**Q** 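To start, I am sharing the structure in question, which I have written as structure tokens.
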Protein chains: 2
Amino acid sequence: MHLQATPAGDLGHLHARKKHCLPNGALAGTLFLEANNTIIKEGAALDYIHVMHMGWACRYNIMKDGKRQISAFLLPGDVCESTPMYGTLIDYSVCTLTPSLVKPISIEKPVGFGQPFDQLQSILSGSLLEQRLLRAWLANLSRRSAYNRVAWLICELHERLSIVGLADETGFDCPLTQEVIADAVGLTSVHVNRVMKQFRDENLFSFRSGRVAFAGVQKVRKLCGFDPAYLHLDLAQHIKTTSTSRVQLSDCP
Amino acid sequence: MHLQATPAGDLGHLHARKKHCLPNGALAGTLFLEANNTIIKEGAALDYIHVMHMGWACRYNIMKDGKRQISAFLLPGDVCESTPMYGTLIDYSVCTLTPSLVKPISIEKPVGFGQPFDQLQSILSGSLLEQRLLRAWLANLSRRSAYNRVAWLICELHERLSIVGLADETGFDCPLTQEVIADAVGLTSVHVNRVMKQFRDENLFSFRSGRVAFAGVQKVRKLCGFDPAYLHLDLAQHIKTTSTSRVQLSDCP
DNA sequence: CGGAACGTTGAGGCTAGTCAAGGGACGTGG
DNA sequence: CCACGTCCCTTGACTAGCCTCAACGTTCCG
């Protein structure tokens, strides 16, 4: 997708029409945002973290020639900030892809002070997991065909959504447009479309009207070499902290 | 580059022929490694960090089909571990590209305990900087032509080497083979070669016998859209907030 | 001198991009 | 209710960028 390269790297035509939700219980302080609303602007200093409660968002950068590179999809439960360290300058933007509920949480000022160790540890773990995802994406973009690249992304989304209960073996609701997928995997939307057609024709999965419907997830995973290990590794290790059998770690993203 | 996919994801034919250096002064405990020696093996648990004192190394993954994806070059001053958090399982390998001096430093066991806050902060800053680099690489691979991709990598190396005094306006010593560059930018070595020829022919820079010789760095930067901001941003901000000199741990990637 | 590792070059093919046109779904306003 | 615009999907024809295969050159070293 080509966009006008505005100085701030922001989508100029978007306006954050935030409104507060019913301030009862868990939703207190949660913001409701329409699709295509900016949550984080590149260049800002970090003072809040934003937790996705509902809806999808993406982390992206606009390049000098107007091309957009998406570096992460943010699903319910995810934190929009890749390293929530107070005061750091943010080198990416985040915008919603669907109507969303986002909860901002303010951060203690001096990093570390007054924060329990396990909070620091979770920031570190989060940052580490982000790195793993980025390395996996790097390998995906760099070394796979368009066909496998798209399949792999679908597998990642499926796996991550499964973890939060938003996907099962039959598939998942996926609000992404083919253009957004293209900007994530480094293709054109036209080519993404062709690849999707191929997946349909080969009866692997369909991507239509906002839903990915599988005819066998394992077949798809095998074909594109998807191994969910890189998503769990840390989590599993973190929970058990020590003394564990950590099995399938060596394989590539 | 295609490699046999060995279970451990390691380069089977490499043998770590470590030997201790003269244990006097700053070099005490420093290891001397030949080229193509493994420093970190994918799947290991992190208990030491390894600081590059001399020589070049790279962080990489071997994919199931044997392809190698390099996700970072490690230059003098860099820490091989992208997030030096004790006990985490490492999802990449690191090997030397040239004869190198590497200093291993053991880490306190429980993350955080007994470590001063600025050390934690330094780990976080380092991790954050790694993310920035990864995002920059992602955009580079995904959205630029082969020609610009290679130019951009050369600019990054030049900038980072300049920071540690190993490059000037005329160029820098670069021990990378065209195949290694190919594995970093997602091309074949044949095509890297063609692009290099083009750079020579256009009198932008030459890449010959281990040296990159510029005929005007700015011209190259402009053409590929290289902006060194992503390397500094945090550093500048970081120094201001805490006013400490902790140079080699968190700083340059 | 021979081998190994790396660089160089050419021919030909495939993958993905570009350009272009049209279709379906949906909302809005007359 | 229909006309229209917008957004997204779909498809075809053509092009170009990069890959593959293959051969040969260069440098270095034992």
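The figures that follow rest on heavy atoms only: side chains count, while hydrogens, waters and symmetry mates do not. Letters go in sequence order (proteins before strands), and every chain restarts at 1. If you're wondering where the values come from, they're calculated on a predicted model, not measured in any experiment.
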**Q** State whether a side-chain donor-acceptor pair under 3.5 Å links B:Y230 with B:E156.
**A** yes
**Q** Atom CG of B:L133 and atom CZ of B:R160: how far apart are they, to the nearest 0.5 Å?
**A** 6.0 Å
**Q** Which nucleotide in the list D:dC19, D:dC8, C:dT8 gets nearest to the side chain of B:L187?
**A** D:dC19
**Q** Just N and O in the side chain of A:T188: are any of them under 4.0 Å from OP1 or OP2 of C:dA16?
**A** no
**Q** Between the side chain of A:R200 and the main-chain N/O of A:R208, is any donor-acceptor distance below 3.5 Å?
**A**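 Judged by distance alone, no pair lies under 3.5 Å.
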**Q** Do NZ/NE/NH1/NH2 and the carboxylate oxygens of A:K219 and A:E202 come within less than 4.0 Å?
**A** no
**Q** Tell me which of B:S189 and A:V195 sits closer to the 5' end of DNA chain C, going by the nucleotide each one is nearest to.
**A**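 Looking at the nearest nucleotide for each, B:S189 comes out on the 5' side.
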**Q** Strictly below 4.0 Å: does A:Q178 bring a side-chain N or O up to OP1 or OP2 of D:dT10?
**A** yes
**Q** Expressed as a whole number of angstroms, how long is the span from B:F207:CZ to D:dT26:P?
**A**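 Taking atom P of D:dT26 as the reference, CZ of B:F207 is at 19 Å.
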**Q** B:A167: what forms a side-chain contact (heavy atoms from CB on, under 4.5 Å) with it, not counting sequence neighbours?
**A** B:H158, B:L161, B:S162, B:F172
**Q** Taking only N/O atoms, report every protein-nucleotides 11-13 of chain C pair under 3.5 Å with atom names and distance.
**A**
from: C:dA11; atom 1: N6; to: B:R194; atom 2: NH2; distance (Å): 3.3

**Q** Tell me which nucleotide among D:dC18, C:dT8, D:dT11 gets nearest to the side chain of B:A146.
**A** D:dC18
**Q** If you look at every strand shown and take non-hydrogen atoms under 4.0 Å, does B:S145 touch a base, only sugar-phosphate, or nothing?
**A** sugar-phosphate
**Q** Send over the distance from B:Q198 CD to C:dG7 P, rounded to a whole Å.
**A**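 Interatomic distance, CD of B:Q198 to P of C:dG7: 18 Å.
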**Q** Could you state the CD-P distance from B:E34 to D:dC29, rounded to the nearest angstrom?
**A**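 Result: 13 Å.
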**Q** Just checking A:G186: base, sugar-phosphate only, or nothing, at a heavy-atom cut-off of under 4.0 Å?
**A**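 Since only primed, P, OP1 and OP2 atoms lie under 4.0 Å of A:G186, the category is sugar-phosphate.
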**Q** Please state how far atom NE2 in A:H191 lies from atom P in C:dC14, giving the value in whole angstrom units.
**A**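 Spelled out: NE2 on A:H191 to P on C:dC14 is 15 Å.
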**Q** Check whether B:T38 reaches the backbone of B:C95 with its side chain - one donor and one acceptor, N or O, closer than 3.5 Å.
**A**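 No.
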**Q** Between D:dT11 atom C1' and A:M196 atom CE, what is the distance in whole Å?
**A**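 After rounding, the gap between these two atoms is 16 Å.
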**Q** Distance check needed: D:dC9 P versus A:E179 CD, whole Å only.
**A**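 Rounding to the nearest Å, CD of A:E179 and P of D:dC9 are 8 Å apart.
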**Q** Measure the spacing between CD of B:Q178 and CG of B:L187 and express it to the nearest 0.5 Å.
**A** 11.5 Å
**Q** In whole Å, I'd like the distance from the CZ atom of A:R144 to the P atom of C:dA16.
**A**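 So the CZ-P distance, A:R144 to C:dA16, works out to 13 Å.
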**Q** Tell me: CG of B:N193 to C1' of D:dC24, nearest whole Å?
**A**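 Between C1' of D:dC24 and CG of B:N193: 13 Å.
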**Q** Between A:R208 and D:dC8, does any side-chain N or O lie under 4.0 Å from OP1 or OP2?
**A**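 So the side-chain polar atoms of A:R208 never come under 4.0 Å of the phosphate oxygens OP1 or OP2 of D:dC8.
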